[in-house]
Amino acid sequence: MTRRLVVVGAGITGLAAAFEWRRRRPDDEIVVLEAGDRIGGKLHRIRLAGHWYDTGPEAMLARVPEAVELVEALGLGDRLVSPGTTQASVVLPEGRFPLPAGTVLGVPASAEGLDGFLSPDGVARVRAEAELPPLTLDGDVAVGGLLRERLGDEVVDRLVEPLLGGVYAGRADELSLQATMPALATHLGRERSVLAAAAAARAAGDRSRGDADGPVFRTVDEGIGSLPAALVAAARADVRLRTPAHAVRRTATGFEVLAGPVAAPEVFPADAVLVAAPAGKAARLLRDVAPDAVEPLQGIPYASMAVVAMAFPAQEVDAGSGLLVPPVAGRLVKGVTVSSAKWPHLGDDVLLVRSSVGRFRDESELQRTDEDLAAAVVADVVDLLGLSRPEPVDTAVARWGGGLPQYLVGHPARVAAIRGAVGEVPGLAVAGAAFEGVGIPACIRDAHRAVDALHG
C-alpha cells in the first residue's frame with residue numbers, strides 16, 4: 001500500500017532519510033518541507049575564484065561508513081577525493097606547534113611529545129596524573145572540569161579547546177564528556193587514570209579499524225555541497241521550499257503537518273512524519289503529539305558561527321592542512337583551513353583558505369557587517385600564514401546562525417528522554433545533529449535510525 005512520508009527539514013539528515021525511504025519503498029510519496037529558500041542546510045557550496053568551494057562542512061569522516069557509502073549509493077563514488085595532507089598545527093601565545101600525535105580529541109595518553117607544547121610544569125602535571133588517586137565518576141561531567149582537575153589547565157586550554165571548539169564551536173568547560181568523547185568516557189569507567197583511559201580508547205579504536213590505512217577524511221571533487229541536489233533527485237522527493245512547518249497533529253489515520261503561511265497554512269496529510277529540524281523548532285512542532293519531548297529539546301542550545309572563504313594569489317604556505325586557534329591565542333579566528341594544500345584537486349592557480357569565527361557564548365564578533373568581518377578575518381589569516389601576497393582576489397562570508405547544537409552536561413539523558421517520548425508515537429520520528437553527532441556520517445546514521453523506527 002502506498003504511504004506518504006512528510007519530512008520536516010531539507011538538511012543532510014532529512015534528505016538522507018528521504019533517500020533511504022525511497023530505496024526501501026519505491027512507490028511511496030515523499031514530501032520534504034523546508035523553511036528556507038534552498039536545500040542542504042549547512043551543506044553549501046559557492047563559486048570562489050572559479051572553484052566549487054564548501055562553506056559548510058568541507059570533509060567527511062571516512063573511517064566510519066555512512067557518508068562514503070551514501071556517496072557511492074548515489075553513483076558518485078568516482079568523485080570522492082582524499083586529502084593531500086592532514087598535518088595541522090595549534091597557534092599558541094608562544095608560537096605555532098604541530099598538533100601532538102596520540103591524543104583522543106586532545107586528551108593525551110601519555111606525557112610523551114608534549115614538551116614545548118606545554119610548559120615544563122604542564123608536562124610534569126600530565127606525567128603525575130597516573131599517581132593520583134583512582135578516578136571515580138558519578139554520571140556525566142564537563143570535559144573541562146574533569147581534565148583540569150586531573151591533567152591541569154594547559155591540557156584543556158592548549159589541546160582540548162582547539163579541537164572541541166573546531167567540532168562543536170563550544171567550550172570544554174560546558175560540553176558533556178559522555179556526548180563528545182564517548183570512547184574516552186567508556187574507558188574512564190574501567191581505568192584508574194585519564195591517561196590510561198585515553199591509551200585504552202586509542203587502542204580500541206585501532207583494533208576496530210583493523211588494518212585499514214585509508215584516509216581519515218574524504219570530500220567530493222565538486223564540493224560536499226553538491227550532495228543535497230543528488231539526494232533530492234535520487235529520492236524523487238517533492239521538496240517545498242519557503243514552507244515552514246508550524247504544527248504536527250495526530251488524526252484518525254495518521255498525521256497532519258501544517259506548513260506555509262501562518263495565516264493560511266497548507267495541510268499535509270501523512271502516514272509517517274520525520275522531524276529533522278533544529279531542537280528548538282522540533283520542540284514547537286512536537287508540543288501536541290509528543291509533549292514529554294519538549295523540555296529536553298529546549299535544553300539543547302545552539303552556537304552561531306561564520307565561515308569566511310578567501311582566495312589569494314597563488315603562493316607557498318608552510319602550514320600543512322591548517323591551523324587550530326584556541327581562545328588563549330587571543331585571535332579573532334578559531335581555525336584556518338589551507339584548502340589548496342589539504343585538497344590537491346582544487347588546483348594551484350590560487351591559494352584557497354577558509355576560516356571560522358564564533359563559538360558558544362562568544363559571538364559578539366558576528367555582529368559585524370559581512371564586509372567588516374571579512375576584512376578582519378583576512379587580516380588575521382594573512383598574519384597567521386605569513387602571506388607574501390596578502391590582497392585577496394575573492395572573499396565570501398557564510399553565516400550559520402544557531403548552526404551548531406551544544407552537547408552540554410546531561411546531553412545523553414536529554415536525548416534518551418526525547419527518543420523515549422517520540423518513540424511512544426507510532427509513525428513519528430526525530431533525527432539530526434542535535435542528538436548523537438554533528439558530523440555528516442552521524443547525521444546520516446541518525447536518518448537511517450529514524451527510518452528504521454518508522455518502518456517498525
* To do: Take E129 and R125, measure what salt bridge (Lys or Arg N to Asp or Glu O under 4.0 Å) needs, and give me the verdict at the end.
  => CA-CA 6 Å; E129 195 261 343; R125 178 74 182 271; over 6 Å; no
* Asked: Would R419 and E436 satisfy salt bridge (Lys or Arg N to Asp or Glu O under 4.0 Å), going step by step from the backbone distance to the final call?
  -> CA-CA 11 Å; R419 302 276 202 218; E436 296 182 59; 2.7 Å; yes
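Ion pairing between R449 and D446 holds under the 4.0 Å rule for side-chain N and carboxylate O. A salt bridge between D452 and R24 is present, with a side-chain N of the basic residue lying under 4.0 Å from a carboxylate O of the acidic one.
Between H44 and W400, the two ring planes are perpendicular [angle over 60°; tilted spans 30° to 60°].
D348 CG: 12 or fewer foreign heavy atoms inside a 6.0 Å radius. For CD of E295, the number of neighbouring non-hydrogen atoms (other residues, nucleotides, ligands) closer than 6.0 Å is 12 at most.
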Please tabulate, one pair per line, all N/O donor-acceptor pairs under 3.5 Å involving side-chain atoms of residues 73-85, not counting sequence neighbours.
residue : atom : partner : partner atom : Å
R79     : NE   : D221    : OD1          : 3.2
R79     : NH2  : S226    : OG           : 2.9
T85     : OG1  : Q87     : N            : 3.2

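S119 and E154 are linked by a side-chain donor-acceptor pair at a separation below 3.5 angstrom, with hydrogens and angles left out of the test.
With hydrogens and angles ignored, the 3.5 Å screen pairs no side-chain donor or acceptor of D140 with any backbone N or O of S176.
Judged by a 6.0 Å distance limit and a 45° cone about the ring axis, R158 is not positioned over the six-membered ring of F117.
When each of L177, V160, V155, L195 is checked for a side chain to side chain contact (heavy atoms under 4.5 Å, CB included) with V107, only V160 meets the rule. Applying the side chain to side chain contact (heavy atoms under 4.5 Å, CB included) test between V194 and each of L151, L132, V126 identifies L151 as the sole match. Here the rule is side chain to side chain contact (heavy atoms under 4.5 Å, CB included) with H51, and of V350, I46, D394 only V350 fits it.
Taking Y168 as the reference, Y407 meet the ring pair (Phe, Tyr, Trp, His ring centres under 6.0 Å) condition, with sequence neighbours excluded.
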